[in-house]
Amino acid sequence: MAARFNPLEADARWQKLWEEQGTFHASGEGDRPRAYVLEMFPYPSGRIHMGHVRNYTMGDVLARYRRMNGFDVLHPMGWDAFGMPAENAAMEKKVHPGEWTRSNIDTMRGQLKRLGFALDWSRELATCDPDYYGHEQALFLDLHEAGLVYRKQSEVNWDPVDMTVLANEQVIDGRGWRSGALVERRKLSQWFLRITDFADELLDGLGELDQWPDKVRLMQENWIGKSRGMKFRFDTMPSDETESIQVFTTRPDTIFGASFVAVSPDHPFAAEAANRSPAVAEFIARCKQGGTTAAELETAEKLGLEIGEVLHPLDGGWTLPVYIANFVLMDYGTGAIFGCPGHDQRDLDFARKYGLEVTRVVAPSPEEAEEPIGDEAYTGPGRLVNSRFLDGLTAEDAIREVIARAEAEGWGEGTTVWRLRDWGVSRQRYWGTPIPIVHCGACGPVAVPRDQLPVVLPEDIDFETPGNPLDRHPTWSEVDCPDCGAPARRETDTLDTFVDSSWYFIRFASQPADAPFDKAEAERWLPVDQYIGGVEHAILHLLYARFWTRALRRIGKLDVEEPFEGLFTQGMVTHLTFQDSDGKWLTPDEAESHGGPVIRGRVEKMSKSKRNTVDPEPIVDQYGADAVRWFMLSDSPPERDLEWSEAGIQGSWRFVQRIWRLAAEEAERGSSTWLGEGDDLALDRKVHRAIAAVGANIEALAFNKAVANLYELTSTLEKAPASPSRSRAVETLIRLAAPMVPHLAEEAWSAMGRDGLIAQAEWPAADPALLVEEDVTIAVQVNGKLRDTLAAPKGAAKEALEEMALASEKVIRALEGKAPRKVIVVPDRLVNIVA
RNA sequence: GCCCCCGUGGUGGAAUUGGUAGACGCGCUCGACUCAAAAUCGAGUUCCGCAAGGAGUGCCGGUUCGACUCCGGCCGGGGGCACCA
């Protein structure tokens, strides 16, 4: 038996065997309990990075652990294969996006396989495959038929050089991130999904997701942004021809503090005014200039232009000026507000600038009723003042009162508004799922008949000229209208790639050829028991997937409420950064061999721009998959960042060899030479405590703690004398470590002469009798300070413990002759003597 | 600006419901083996102190027999949203 574990040889051998035997295929048959373990599928960008390795190692440990615990485990892998980088590569390197993507997938699949992940590769899918996106088109049409898809004009970020729509994230300081051109706002007809129809259930559903991080639930809650308030109207002057203005407020109680009404520059009321006056039109144009970056908005000046007058709904003799104001958003609430400068900071800034009245209508105490408002609006609690029939009411009561009156008198109503907007899914790009619609001059937009799906992307495309290649393709879009047969044109937009990732976990669970999924089969696996991925998807992907699942439920396709029962967001992999004296980023290797001075920078997320990435593949070459896996689990709590270090991976390598030595030693000794030396009960207890601890920690995804448990057990075993207990314990150690270091575990398992694969072996059971301590150490405190410890049998009587504690010499000394006033005894834990 | 999270040795981090702070790893120190080195093994490693003992979980205060843990106020770091009415 080899003195060293040789991963270079062993890893590949076991990986081949697992693959040949289909060890990790999810059966879906029989009545074993099922577990669906899923990590967010990767974008095939080229090569696996350390973040992937960490993410997939965590999921793999859980999947292997569940399998050893008797579960039928579904642990699949696929590729989020549509998206911009492929088109960029096409433009820069003159390769077809499909070719580039598929070649990346091949590379990355090979890299993943070398890490020995227990994946069911038979279910592998790529979203760029017509077999996948064709079914997505069918689902899109299902939602369309159900009225959950619609088309409307919408403003987009338009890059006039690249001739493409940009996502908000791709607009940097008002310019296209690739072209650097000033981005324009254009109105285009776009497809939308009615996610706002589900706002209430998406919000309420968060309450049930108790296996999600609070942080993510909170982020989604804020994103959905439910606000209760009142919508009401300000009537225009009887002489005006224009209609009344609807406003929304969350503070109807402050209605007597109103000093102006403001509408968005995009509001119809503003447009009307612009029609009448070039000055107004010019002002609106000015409002639309300027960037949308955080910094610019922060410092942006409040701009307003008075364009009319309206009547206060509770006092026909009270007129208020109407302004167009640049800080009012058209797509929130009604696009118009009433300004209450006393109790809203923005309104106050505006009122000061334009010399409008500032009235206090809420005061924290009666004494402060006439206290003028200074530079800060008062937004705290209090009672109403200067508010006629509302005076003296609390803000909450006043809100109810005003809404009740508005509803009774018919000028307003209590309502709820949402921050969440419908999901625009049109993208003017080639490398995505074609939207299965045909535009006919006579019939309008018509769904592509089901038997004509999938609508497949053309292969012969040209990236030489900017813009959407689909739009430019000479023939692809030319079709006959499915309804009337007249010449028509295909929709040339493709779907947002977030649509692709909104249902891939369903397709993993069930993949018939003729349908997106089989309802019953998918329902047997779903929801995903444990989903693991980066926190950067906390809102978009996870919200869209929740919506898509609920939409399918509403149309009767799938009876699942929430797609992901458990969610875990793992931290990033970070690394030191280095710069030379000119500020140029250096790789760690360059930093070492650099002649000049090198500045050690901060520890940051691995990124190409900071040049601090570490490619996993050479590390696997050098140390083997298990050492890499072990390191990914060991150093930091999984939800926090992990700093990559050479010392860390070396430590992991040493540990892998330590386990190997224990196994090799036992294997060599054989199973007969030492029999009869008797059991080592103390060792048995430690082993069973480790069984319980490692299991509990893996279930809690506290991998770093499970790792610590294994280190501790290993050290104990190294020091333990030979005995049947020790031999059993080494076997147990191998089983416990198997989910984390599977290749080593298989090798040791087979060397020790055990049958079958350890991947399919049983997880050891902790014997409850051995988990109970016989003796415990009792802490003895005097006035809360530790003075002594004493050994006592478990379950010793309080009186006995008290007596023992009072007899302690150290206690007597600490008491300095004072008599104990009180003695607190916590059984099996401590005695505290208060003097 | 609003919301949320986190501050523990040289370092990553442990510490069921408040009950012996620093498990386990990394690093470091000393020792063994070696001509030597690597690898490996053993001992030690919160701080002050020879010791007895004292101090100690960002800072200040509070609750409690007892606080890393609970409460209030600061300071520092990170994240999310952002003119959301």
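Just so we're on the same page: letters track the sequence lines, and every chain starts at 1.
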Legend entry - Centroid-centroid distance, A:F703 to A:W630, less than 6.0 Å: no
Legend entry - Shortest non-hydrogen separation from A:P827 to A:V825 and the atoms involved: CD-O, 3.6 Å
Inset, instruction - Give one of base, sugar-phosphate or nothing for A:V247, where a contact means two heavy atoms less than 4.0 Å apart. - result: nothing
Inset, instruction - Establish, with yes or no, whether the OP1 or OP2 oxygen of B:G13 is under 4.0 angstrom from a side-chain nitrogen or oxygen of A:R640. - result: yes
Inset, instruction - Just compare B:A85, B:A23, B:U20 and give me whichever is closest to any side-chain atom of A:Q781. - result: B:U20
Inset, instruction - Mind checking A:R217 for me? I need base, sugar-phosphate or nothing, with any heavy atom below 4.0 Å counting as a touch. - result: nothing
Inset, instruction - Using atom CD of A:Q220 as one end and atom P of B:C4 as the other, report the distance to the nearest whole Å. - result: 17 Å
Inset, instruction - Sticking with atom C1', work out how far B:A85 lies from B:C5, rounded to a whole angstrom. - result: 28 Å
Legend entry - Upstream residue (5' side of RNA chain B) when A:A336 and A:E639 are each assigned their closest nucleotide: A:E639
Legend entry - For the student: nearest non-hydrogen atoms of A:A336 and A:I245, plus distance: CB-CG2, 3.7 Å
Legend entry - Contact nearer the 5' end of RNA chain B, comparing A:N709 with A:I337: A:N709
Legend entry - Base B:C24 paired with A:K705 side chain (donor-acceptor, <3.5 Å): no
Expected list for residues 785-795 of chain A: side-chain donor-acceptor pairs under 3.5 angstrom, two or more places apart:
from, atom 1, to, atom 2, distance (Å)
A:D788, OD2, A:S808, OG, 2.7

Legend entry - Syn-anti status, with the boundary at 90° from 0, for the nucleotide B:G9: syn
Legend entry - Rounded P spacing from B:G19 to B:G10 in Å: 25 Å
Inset, instruction - Remember a base hit wins even if backbone is also touched, and classify A:S645 as base, sugar-phosphate or nothing at under 4.0 Å, heavy atoms. - result: nothing
Inset, instruction - With the side chain of A:L218 defined as its heavy atoms from C-beta on, choose the nearest nucleotide among B:U20, B:C3, B:G25. - result: B:C3
Legend entry - B:G62 versus B:G9 - spacing of their C1' atoms, nearest Å: 28 Å
